[in-house]
Enquirer: 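Have a look at this one before I ask anything.
Letters A, B, ... mirror the listed sequences (proteins, then strands); counts begin at 1.
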2 protein chains.
Amino acid sequence: MKPTVHDIARSAGVSLATVDRVLNGRPGVRRVTRQRVEGAIAELGYVRDVAAANLAKSRTYAFTFILPANDNSFMIGLGDEVRGAIARSSLERMAVRIVNVPPFDPAALVAALDTVVLERPAGVAFVAIDTPDVRAAVQRVAAAGIPIVTLVSDLPEAARDHYVGIDNIAAGRTAGSLMGRFLGGGDATVAVLSGSMLVRDHRERLEGFATVVREQFPGLAILPVLEGRDDPALAEALVMQVLEDNPQIAGIYSLGAGNRGLIQALRKVSMTRRAMVIAHELTAYTRAALADGTIDAVLNQDAGHEVRSAIRVLKAKADGLPVIAAQERIRIDIFLKDNLP
Amino acid sequence: MKPTVHDIARSAGVSLATVDRVLNGRPGVRRVTRQRVEGAIAELGYVRDVAAANLAKSRTYAFTFILPANDNSFMIGLGDEVRGAIARSSLERMAVRIVNVPPFDPAALVAALDTVVLERPAGVAFVAIDTPDVRAAVQRVAAAGIPIVTLVSDLPEAARDHYVGIDNIAAGRTAGSLMGRFLGGGDATVAVLSGSMLVRDHRERLEGFATVVREQFPGLAILPVLEGRDDPALAEALVMQVLEDNPQIAGIYSLGAGNRGLIQALRKVSMTRRAMVIAHELTAYTRAALADGTIDAVLNQDAGHEVRSAIRVLKAKADGLPVIAAQERIRIDIFLKDNLP
DNA sequence: CTGTTAGCGCCTTCAA
DNA sequence: TTGAAGGCGCTAACAG
């Protein structure tokens, strides 16, 4: 039988209240008493029943997700997943809410973080922008004792407790390797379409991609990176232009979100030989393009897993519990038309 | 404030006990009373607090995993993951245990299933063998009201509540697509090494692989399937032989477990041009072979995810709760040397 | 058939 | 500094 507070109270010769004080590190216990209790805890191998504790506290975990109000499919899907979690949240003693901020706007993100701290939630998840002031704001959240995790895009040197998202360098490397192999290893020209080189995940993907190409497929020439700002119209124009200027293009790597424009352009331009296309994020658009052969491979991060992982991690941090690292590693899904879920 | 049993008792004008009876479908409640209570439940939007209920019941979920005592890395890893879950299980009000059975032995599996039923656990997970007597045994478990899930290898027409594992046809298709693309689409000869055509997952992988090759890469010729019974020595001999007999082999698809033998053979045989190799399951052996270029791609199912998913599903079934389908879908991981975790 | 009462393991007033 | 008592939401005897 698992020991309970009663057992350790009896074993230490004190009352339940005292045990509770020690357990929760509350003041008002003599040093000797505390040690006696801690001895009993260690001896009996007591572990607190979190469910019972939460019941007694009638605790609900308040978690806040700060999401950019981007209109690309991935961010919308991420929001949907959070809303799905909200729907289930009352069953789990959680109160999850969403705060939207304008995209690519560090000042707005900082303001949101500072506002959120005032409400003292049990945890915060947010999509990071990589600037010093955001870093400082994260530091303030952490200093307030509120668990905070980055989502999708990280801020490595900051005080965040955890990063929920894929390894973007590995993702870029994988794209590079697939591109090189699919193109057969000869000489060829490859175009890269990004959202913005100001966000870390895009920079890292490019870095990984370029590294693999340089090391393993020296025959591939990478054209200057296009920045489509995840905007369909702009991306479409850029892709049309680059295909016109470089009819020899054999491959395209789209490492950002907002692939609608890319797909439109590919459908419009008539190429003698279709280019090999690798993109990120499985959305309605990329899925259709994969199915009909416009896109050859899609690297994906599962937004549902990310949201659930973020919640699990925040809850664990809030309870002072360890996280199962293997469970929380977000994997890079590779989809071909043959393994579409 | 979320309504509690007290609220619905008051609203329906009955006692807690009666509410409890209705909630748990226990007998001894008049029809009218029951309906009154159900009305109140619906009206107030009551949802039972499972944590509190479990506390009151001091319930612990007893789950049994029936695992084949195979000595390949994948099955050993699966066992390790279950043991990891056991280590954490007491915290979660669970008592997980493992029953080992001889591999590829339907009669032993049936005996194990029938024995396990007698202990009336809260749920059973097992690696299926696809025979009628196993199917019948599963039927008996289900008839006893015990939730049961298949793990890794399914038994589709049986009475199992859920299958925890990858879509093996899609996995085979993916392997076929990668093989075709990596080989550049021309004429070539491909060998296939399986464990046994008696287990369903291997059959399905072959089916998916062959289909894609036939439809999309007609230039590829598939040699007769080798059955290595997941035995390193046998697999090694078979691969050595086939490479000797068919020096023109350009690709090998290893769709079973036990890749040690394959890797050994590949390292021994000196080929003028290295064959493209695609295998299943990321283990210490395949990981090393991937890293050093002996294997080109590994399709993997994450044993840790599978075990955790099986437990979540069994718990949900035991509580009569729905499962989050998206969360429980086991994905086909594709690893190249560039995205090794 | 229905209600009363005493917990499950823990936390939290309120007294002492 | 410590303890007694009541309660979180639900279940389970045991009476009526």
Side-chain angles (χ1 to χ4, degrees), chain A residues 1-41 44-61 90-95 122 318-321, chain B residues 1-41 44-61 90-95 122 318-321:
Chain A
M1 214 49 198
K2 256 179 45 184
T4 74
V5 277
H6 290 91
D7 299 318
I8 87 158
R10 189 157 8 87
S11 165
V14 297
S15 76
L16 291 184
T18 302
V19 173
D20 188 71
R21 291 188 185 98
V22 174
L23 239 33
N24 294 290
R26 268 189 291 268
V29 184
R30 259 189 316 169
R31 221 214 173 75
V32 266
T33 318
R34 152 158 290 130
Q35 287 171 348
R36 205 135 41 87
V37 173
E38 281 166 348
I41 289 177
L44 301 188
Y46 169 84
V47 286
R48 158 222 250 106
D49 183 328
V50 185
N54 285 341
L55 175 61
K57 280 192 284 215
S58 41
R59 161 171 204 169
T60 60
Y61 300 81
S90 65
L91 296 171
E92 324 254 324
R93 299 196 125 67
M94 298 188 314
D319 289 335
L321 260 36
Chain B
M1 216 46 199
K2 254 178 45 185
T4 74
V5 276
H6 290 91
D7 298 319
I8 86 158
R10 189 155 9 87
S11 165
V14 297
S15 76
L16 289 186
T18 301
V19 173
D20 188 68
R21 289 189 186 99
V22 174
L23 239 33
N24 294 290
R26 269 189 291 267
V29 184
R30 259 190 316 170
R31 219 209 175 75
V32 266
T33 317
R34 151 157 290 127
Q35 287 172 348
R36 204 136 42 85
V37 173
E38 280 166 350
I41 291 176
L44 301 188
Y46 169 84
V47 285
R48 154 221 258 107
D49 183 327
V50 186
N54 285 341
L55 175 60
K57 281 191 284 213
S58 39
R59 162 171 205 169
T60 60
Y61 300 82
S90 64
L91 297 170
E92 323 253 325
R93 299 193 126 68
M94 298 187 316
D319 290 335
L321 261 36

Enquirer: Roughly how many Å is it from CG in B:L23 to C1' in D:dG9, rounded to a whole number?
Expert: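 Result: 11 Å.
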Enquirer: What's the CG-P distance between B:D319 and D:dG9, to the nearest Å?
Expert: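 Spelled out: CG on B:D319 to P on D:dG9 is 19 Å.
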Enquirer: Report yes if a side-chain nitrogen or oxygen of A:T18 is closer than 4.0 Å to either non-bridging phosphate oxygen (OP1 or OP2) of D:dT2; otherwise report no.
Expert: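 Negative; the distance criterion is not met.
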Enquirer: What closest approach, in Å, do A:I8 and A:A40 show between heavy atoms, and which atom pair accounts for it?
Expert: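 In terms of heavy atoms, the two residues are closest at O-CB, 4.1 Å.
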Enquirer: For A:V19, answer base if it contacts any base atom (sugar-phosphate contacts may also be present), sugar-phosphate if it contacts only those atoms, and nothing otherwise; contact means non-hydrogen atoms under 4.0 Å.
Expert: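 No contact.
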Enquirer: Tell me which of A:K2 and B:S15 sits closer to the 5' end of DNA chain C, going by the nucleotide each one is nearest to.
Expert: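 Whichever sits nearer the 5' end wins; that is B:S15.
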Enquirer: Look at B:D319 together with B:R59 and state whether they make a salt bridge at an N to O cut-off of under 4.0 Å.
Expert: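 Yes.
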Enquirer: Taking the side chain as C-beta and beyond, is there a heavy-atom pair between A:V22 and A:E38 under 4.5 Å?
Expert: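 A side-chain contact exists here, since the closest heavy-atom pair is under 4.5 Å.
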Enquirer: Is the shortest side-chain heavy-atom distance between A:V37 and A:R34 below 4.5 Å?
Expert: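 No. Closest side-chain heavy atoms not under 4.5 Å.
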Enquirer: Taking 5' to 3' order, which nucleotide of DNA chain C is first and which is last to have an atom within less than 4.0 Å of a heavy atom in chain A?
Expert: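 Nucleotide range with atoms under 4.0 Å of chain A: C:dG9 to C:dT12.
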Enquirer: Can you work out whether A:G13 or B:N54 has the more 5'-proximal nearest nucleotide on DNA chain D?
Expert: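 Checking each residue's closest nucleotide, the 5'-ward one belongs to A:G13.
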Enquirer: To the nearest angstrom, how far is A:R34 atom CZ from D:dT2 atom C1'?
Expert: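 Result: 13 Å.
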Enquirer: Is there a side-chain contact between B:R26 and the phosphate of D:dA12, meaning an N or O under 4.0 Å from OP1 or OP2?
Expert: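 Answer is yes, contact under 4.0 Å.
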Enquirer: What's the angle between the local helix axes at either end of the helix from C:dC1-D:dG16 to C:dA16-D:dT1, using five pairs per end and rounding to 10 degrees?
Expert: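 Taking five pairs per end, the axes differ by 40°.
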Enquirer: From B:T4 OG1 over to B:Y46 OH, what is the distance, rounded to the nearest 0.5 angstrom?
Expert: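 Spacing of OG1 (B:T4) from OH (B:Y46) equals 7.5 Å.
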Enquirer: Is a side-chain N or O of B:N24 found less than 3.5 angstrom from the main chain of B:D20, in a donor-acceptor match?
Expert: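 It does hold such a pair.
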Enquirer: Just so I know, are the side chains of A:H6 and A:L16 near enough to count as touching, which here means a heavy-atom distance under 4.5 Å?
Expert: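 Sidechains of A:L16 and A:H6: in contact.
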Enquirer: Regarding A:R21, tell me which of base, sugar-phosphate or nothing describes its non-hydrogen contacts under 4.0 Å with the strands shown.
Expert: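 The residue A:R21 makes base contact.
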Enquirer: Charged N to carboxylate O under 4.0 angstrom, A:D49 versus B:R93?
Expert: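 B:R93 and A:D49: salt-bridged.
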Enquirer: Nearest 0.5 Å, please: how far is OG in A:S15 from CZ in A:R21?
Expert: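 One gets 6.5 Å once the value is rounded to the nearest 0.5 Å.
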Enquirer: Would you say A:R30 places a side-chain N or O within less than 4.0 Å of OP1 or OP2 belonging to D:dT2?
Expert: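 Yes, A:R30 has a side-chain N/O under 4.0 Å of OP1/OP2 on D:dT2.
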Enquirer: Heavy atoms, side chains only, cut-off 4.5 Å: are B:L23 and B:I41 in contact?
Expert: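 Yes; the side chains approach each other to less than 4.5 Å.
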Enquirer: Side chain of B:R36, backbone of B:A12: donor and acceptor closer than 3.5 Å?
Expert: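 Yes, B:R36 side chain to B:A12 backbone: donor-acceptor pair under 3.5 Å.
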Enquirer: Nearest heavy-atom pair of B:L44 and B:S11: which atoms, and what distance?
Expert: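 Here B:L44 and B:S11 meet closest at CD1-CB, 4.1 Å.
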Enquirer: Rounded to the nearest angstrom, tell me the gap between atom CZ in A:R59 and atom P in D:dG9.
Expert: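 Distance, rounded to whole Å: 16 Å.
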Enquirer: Identify each atom pair where a protein N or O and an N or O of nucleotides 6-8 of chain D are less than 3.5 Å apart, giving names and distance.
Expert:
from	atom 1	to	atom 2	distance (Å)
D:dC8	O2	A:L55	O	3.4
D:dC8	O2	A:A56	N	3.1

Enquirer: Could you check which of D:dC10, D:dA13, D:dA4 has an atom nearest any side-chain atom of B:D20?
Expert: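 So the side chain of B:D20 is nearest to D:dC10.
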Enquirer: Identify whether any heavy atom of A:A53 sits under 4.0 Å from a base atom; if not, whether one sits that close to sugar-phosphate; answer base, sugar-phosphate or nothing.
Expert: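 Sugar-phosphate: the residue A:A53, judged by heavy atoms under 4.0 Å, touches backbone atoms but no base.
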Enquirer: Please determine if a side-chain N or O atom of A:T33 lies less than 4.0 Å away from the OP1 or OP2 oxygen of D:dT1.
Expert: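 Answer no for this pair, as no side-chain N or O of A:T33 is under 4.0 Å from OP1 or OP2.
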